[in-house]
Amino acid sequence: MPELPVAMLRNATLLVGFGSMYVAVTSMTDADHRQQFFAPIIDEIERILTVHTVYVVLRETAPAPPAGGDSR
């Protein structure tokens, strides 16, 4: 694999930094952008947390397996 010049890596890092700042500022100030890109992610996270909560409640309320019984 060929070696990359250090200047190229520094320039790429600078461009990534500016791009990240642009996305962060746009996401904070533009409601349409936030709705388009972050609403589906937030909906998915809410669904995952709901499923996890149901799982925990069901696990806590499930009857204990019989003592000394073979689970096979």
Expected output: side-chain Arg34 to main-chain Met28 donor-acceptor under 3.5 Å: yes

More than 12 heavy atoms of other groups within 6.0 Å of Glu44 CD: yes

Going from [atom1] on [X] to [atom2] on [Y], what distance comes out if it is rounded to the nearest 0.5 angstrom?
| X | Y | atom1 | atom2 | answer |
| --- | --- | --- | --- | --- |
| Leu9 | Glu3 | CG | CD | 10.0 Å |
| Asp43 | Ile48 | CG | CD1 | 11.0 Å |
| Phe37 | Asp30 | CZ | CG | 9.5 Å |

Met8 reachable from Leu15 in the ILVMFWY side-chain graph, under 4.5 Å edges: no

Closest approach of Thr29 to Val25 (non-hydrogen atoms, all atoms of both residues): OG1-O, 2.9 Å

Heavy-atom check, side chain of Ser27 versus side chain of Phe38, under 4.5 Å: yes

